[in-house]
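Order of listing sets the numbers, starting from 1, for every ligand and every atom in it. Everything quoted here is computed from the prediction, not taken from an experiment.
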Amino acid sequence: MTATLEHPRTVGTVLPVRIAGLGVGLPARIVTNDELAAELDTSDDWIRSRTGIAQRHVAAPHEATSDLAAAAGKAALADAGLGIEDVTTVLVATTSPDHRVPGTAPLVAAALGTEVSAFDVNAACSGFVTGLRVGGALAATGDGAVLVIGAETMTRIVDPEDRAVRVLFGDGAGAAVLVPDEHAHLGPFDLGSDGLDPSMLWCPDGGTRTPIAPTADGDPYLRMRGGDIYRHAVTRMVASSRAVLDTAGLGVDDVDLLVGHQANARILDAVVQRLGIDPDRSHVTVDVHANTSAASIPLALADARDRGRLKPGATVLLTAFGAGLTWASCLLTWDPEEDA
Ligand code: UT7
């Protein structure tokens, strides 16, 4: 494994790792736009036309991020035909953890019945692809499977009265089991960050910068400058996708399926258009899941697989963008053994 560092943030490494199983954990309750419009000054028409979102899954009061993550992890292991004893690391990508301390991954590992290394990756909506980079490297050099889970309960961190943010988000988890496989290709990757203006998308208070005392006012909710985030999302996902394609020596016509971060259908349309990819090759699930942050890509990937859109040997491009700012993209070959 050697890195090609023509671009400082593009990792030319192609890991001999494949996704052996996928699983999802979605809360049973579905909330439609009309249900939100009964509580907020919004409408189904506004939400659909601005975002493509029609509904979102919302966690029950007793459910938290680790519950959704454990369900997804269990399903992914069953899909891979593996047991928890085959897993060497549990990695949870989340920006809506159960607690500030400890991380969510150890809780998920315990729920799955293991004491292996378990830790969180917080790269917001870019978390799952970032997790594939970290988990892929571990799977390539370790001696077993790595469980990478993107899991969020975003509806708990949005202000219920902030229509501009609340309507956008949903809850859910998606998991992938990574296993070493000499025929497989996971990469190249392009990852980056720009933390100069975190206030574009953040929870202002409640961390160590501005702790919230039990009696004091503070703003713990997710706030977003939507227009700024929209522009950055398009620019960064396009540049990052081009970076991995250039590094791999591939063109857009070599991409069988694009699975982008599902924040907004208009953002995905703009990315597809600027990249010059056939829109039919972009998988869209934002209509049914809304924005589930780090869970959006594994949920969309599992949906694409279930709909028969991932053929053996398919070249898949993943691209994500989120708070931080952060971005992460990679290529992977689906089911490489059958293709060999
Ligand atoms: O996961 C990564 C992070 N998130 C994203 O990638 C999301 C990025 N941003 C976006 O998707 C879009 O910017 C939004 C969907 C958030 C907003 O779409 P927009 O076309 O940029 O609308 P806008 O922000 O320009 O708002 C237009 C109007 C405003 O009213 P005024 O000021 O023009 O009178 C808003 O107050 O729409 C109003 N508005 C709403 N109206 C009805 C904002 N939210 C709502 C709402 N229902 N839910």
Any side-chain donor near an acceptor of the partner, [X] and [Y], under 3.5 Å:
X: R225; Y: S199; value: yes
X: T292; Y: E152; value: no
X: S329; Y: D190; value: no

Basic-acidic side-chain contact under 4.0 Å: D171, R29 |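 Salt bridge: no.
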Between D45 and R48, does at least one N-O distance fall below 4.0 Å, as a salt bridge requires?
->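 Salt bridge between D45 and R48, a charged N being under 4.0 Å from a carboxylate O: no.
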Distances for all N or O pairs of ligand 1 and the protein under 3.5 Å?
| residue | atom | partner | partner atom | Å |
| --- | --- | --- | --- | --- |
| ligand 1 | 1 (O) | H261 | NE2 | 2.8 |
| ligand 1 | 1 (O) | N291 | ND2 | 2.7 |
| ligand 1 | 9 (N) | G226 | O | 3.1 |
| ligand 1 | 11 (O) | N264 | ND2 | 2.7 |
| ligand 1 | 13 (O) | G226 | O | 3.1 |
| ligand 1 | 20 (O) | R50 | NH1 | 2.9 |
| ligand 1 | 20 (O) | R266 | NH1 | 3.3 |
| ligand 1 | 20 (O) | R266 | NH2 | 3.4 |
| ligand 1 | 22 (O) | R50 | NH1 | 3.1 |
| ligand 1 | 36 (O) | R163 | NH2 | 3.2 |
| ligand 1 | 37 (O) | W46 | NE1 | 3.3 |
| ligand 1 | 41 (N) | W46 | NE1 | 3.3 |
| ligand 1 | 47 (N) | T42 | OG1 | 2.6 |
| ligand 1 | 48 (N) | T42 | OG1 | 3.1 |
| ligand 1 | 48 (N) | R163 | O | 3.1 |

Starting at CG of D98, measure out to OG1 of T153 and round the result to the nearest 0.5 Å.
->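 OG1 of T153 is found 7.0 Å from CG of D98.
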